[in-house]
Amino acid sequence: MDITVLLGAPGAGKGTVATRIAGPLGAIHVSTGAMLRDALKAGTDAGLDAKRYMDRGELVPDAVLARLMEELLEQSAPDAHVLLDGYPRNPAQAQTLESLARRFGCAVGRAVTIEVPEDVILERLDGRRVCPACGANFHLRTLPPKRGGVCDACGAELVQRTDDQPGTARKRLAVYARQTAPLIEWYDQRGLLLRVDGSGEADQVAEAVLKAVMASQG
Ligand code: AP5
């Protein structure tokens, strides 16, 4: 099993990139944010509990995520390539991932950090609209739906994520700076870090990430 970690601030474009490169890489795209939102939609206790943290822009407790990761790696085929979007998000989670990977006979092959200036990020979060039915992502300016306010894929009415409201978005950026950004050095010290400029157009950024990942695979 191979593991690629996508790092980057909220709104940096991790999900947008992952959606575009999972196919060409033959990888499984795993978004922990989407998994938690699905758990909430399904009305599970774990989902309802996670909502309290997500609505405040805070990280959901490590133990909840550790269980999700353990199940994921347990169920993944030995030759799978797992593309992690949103995990790990702090040094404790990085350590958990390292030991889980060891237990399942694999390792993180690389961590890609998508670098975007803060003013661009705030604009991306402010303009993001999501489909509550199928999870597709749009942006009012850079990736508008074909018909105003309606999902191209399934026709449901698009909404703004509650954690994309300006106050919560800023809180998430602060949480990222304090808890997640230290992972950039963590992976750099292990010789696994790849840096990609995420300020260009979505297709360009995805292409750059894809190239970097493929080059690291040798
Ligand atoms: P999660 O859903 O993972 O949110 P996030 O990390 O904050 O990331 P985002 O989904 O906001 O942004 P993104 O980088 O994927 O950007 P996107 O591609 O959508 O997590 C939500 C919450 O769940 C967390 O706050 C936490 O509470 C909890 N959680 C999740 N994982 C956890 C963990 N491991 N531990 C603890 N808690 C956890 O792009 C954003 C917008 O910009 C879109 O509109 C898109 O169309 C547009 N866009 C993207 N790229 C470009 C581009 N190149 N040019 C122009 N527009 C672009």
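All ligand and atom numbering here is 1-based and tracks the order in the structure.
For atom 45 (C) of ligand 1, the candidate residues are Val130, Leu143, Thr16; the nearest heavy-atom contact is made by Thr16. Between Thr32, Leu36, Asp126, it is Leu36 that holds the heavy atom closest to atom 29 (N) of ligand 1. The closest non-hydrogen atom to atom 20 (O) of ligand 1, taken over Arg56, Met54, Arg89, comes from Arg89. For atom 10 (O) of ligand 1, the choice among Lys14, Arg128, Gln179, Gln93 with the nearest heavy atom turns out to be Arg128.
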For residues 209-218, which side-chain N or O atoms pair as donor and acceptor with protein atoms under 3.5 Å away, sequence neighbours left out?
residue: Ser216; atom: OG; partner: Arg110; partner atom: NE; Å: 2.5
residue: Ser216; atom: OG; partner: Val213; partner atom: O; Å: 2.7

When the side chains of residues 146-160 are checked against the rest of the protein, which donor-acceptor pairs come out under 3.5 Å, sequence neighbours left out?
residue: Asp152; atom: OD1; partner: Lys146; partner atom: N; Å: 2.8
residue: Gln160; atom: NE2; partner: Asp126; partner atom: O; Å: 3.3

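The N/O atoms of Val17, backbone and side chain alike, include none that comes under 3.5 Å of an N/O atom in ligand 1. When only interatomic distances are considered, the shortest N/O to N/O separation between Gly127 and ligand 1 does not fall below 3.5 Å. In terms of polar-atom proximity, Ala34 is not counted as a contact of ligand 1, lacking any N or O under 3.5 Å from an N or O of the ligand. When only interatomic distances are considered, the shortest N/O to N/O separation between Arg37 and ligand 1 falls below 3.5 Å. Inclusion of Gly86 in the set of residues having an N or O under 3.5 Å from an N or O of ligand 1 is warranted. Considering backbone and side-chain N/O atoms, Leu65 never comes within less than 3.5 Å of an N/O atom of ligand 1.
Between Thr19 atom OG1 and Lys14 atom NZ the span is 12.0 Å, to the nearest 0.5 Å.
In this structure, Gly200 has a heavy atom closer than 4.0 Å to ligand 1.
Geometric assessment of Arg56 against the ring of Tyr53 yields a positive cation-pi assignment under the 6.0 Å and 45° thresholds.
Side-chain contact of Glu185 with Gln189: a donor-acceptor pair under 3.5 Å is present, judged by distance alone.
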